[in-house]
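Have a look at the structure below before the remarks.
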Amino acid sequence: MLKPRDLPPLSEAQLEIMNIVWLAGECSVADVLEQLSTRRTVTRNTVQTMLSRLDEKGWLIHRDDGGTFIYRTSVPRERVQQQRLEQVVETVFDGSTAGILMALLKDSTLTSDEANRIRKMIDHAEKRP
């Protein structure tokens, strides 16, 4: 299976499309266009070009379903999230995992449920050998 670091970097617009496909599992051009259109003005041709480029670069895989290309991702979302997070930790927080966690905890939008999930993850991490 491909790793994100084996593929060219994603632009913000490409990542937006990848998020749509990850969420749906599989998408046609029309599906992606419908989702993007709720956020901003975009043409079918633009969406088709972006999907084709993501396919050419290895981020997406397509199958032909009666003349309609159906796209799915070649890399799990969690792998891309992990790689992106590692890049942020290295470049923005000088390699400090604690630094990024403290910055997140200062965020006023953190709910008590999220705080509890973080506590459980820390407890679990502390128990690892």
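Just so it is clear, the values below take in all heavy atoms, side chains as well, and ignore hydrogens, waters and symmetry mates.
The two residues V42 and S37 come nearest to each other via the heavy atoms CG1-OG, 4.1 Å. Across every non-hydrogen atom of R84 and L10, the tightest pair is NH2-O, 2.9 Å. The nearest pair of heavy atoms linking M50 to Q14 is CE-N, 3.8 Å. Taking both residues in full, the closest heavy atoms of R44 and L33 are given as CB-CD2, 3.8 Å, listed atom of the first, atom of the second, then distance. The two residues W22 and V75 make their nearest non-hydrogen contact at NE1-O, 2.8 Å. Counting all heavy atoms, side chain and backbone alike, K57 lies closest to L7 at O-CD2, 3.4 Å.
Not counting sequence neighbours, the partners of R39 by the salt bridge (charged side-chain N to carboxylate O under 4.0 Å, His left out) test are E16. The side chain to side chain contact (heavy atoms under 4.5 Å, CB included) search around A98 returns S96, M102, not counting sequence neighbours.
Distance check: I118 CD1 to D113 CG gives 11.0 Å after rounding to the nearest 0.5 Å. Atom CD in E90 sits 10.5 Å away from atom CG in L85 (nearest 0.5 Å). Considering OG1 of T43 and CG of N45, their distance stands at 5.5 Å, rounded to 0.5 Å. In this structure, the separation between CE on M18 and CG on L23 is 12.5 Å, given to the nearest 0.5 Å. Rounding to the nearest 0.5 Å places CZ of R79 at 15.5 Å from CZ of R77. In this structure, R72 CZ and R63 CZ are separated by 9.0 Å, a value rounded to the nearest 0.5 Å.
Under the 4.5 Å side-chain heavy-atom criterion for ILVMFWY residues, a single connected hydrophobic cluster contains both V92 and V89. Following chains of ILVMFWY side-chain contacts shorter than 4.5 Å, one can reach M121 starting from L101, so the two form part of one hydrophobic cluster. The same ILVMFWY cluster, assembled from side-chain heavy atoms under 4.5 Å apart, contains both L15 and V32.
Within 6.0 Å of atom CG in D64, more than 12 heavy atoms from other residues, nucleotides or ligands are found, so the atom counts as buried in its surroundings.
A distance-only check finds no donor-acceptor pair linking the side chain of W59 to the backbone of P9 [under 3.5 Å]. The main-chain N or O of T68 is never found under 3.5 Å from a side-chain atom of D65 such that the two would form a donor-acceptor pair. Judged by distance alone, with hydrogens and angles left aside, the side-chain atoms of T73 form no donor-acceptor pair with the main-chain N or O of L60 at under 3.5 Å.
In this structure, E114 does not pair ionically with K120, as no charged nitrogen and carboxylate oxygen lie closer than 4.0 Å.
For the pair F93/V88, a side-chain contact is recorded, criterion being any heavy-atom separation below 4.5 Å from C-beta on.
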*asked:* Is there a side-chain contact (heavy atoms from CB on, under 4.5 Å) between C27 and I70? Walk through the geometry before answering.
replied: CA-CA 5 Å; C27 289; I70 305 296; over 6 Å; no
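Using cut-offs of 30° and 60° for the angle between ring planes, the H62 and F69 rings count as parallel.
Side-chain polar atoms of S52 and D55 form no donor-acceptor pair below 3.5 angstrom. A donor atom on one side chain and an acceptor atom on the other are found under 3.5 Å apart for E86 and Q82.
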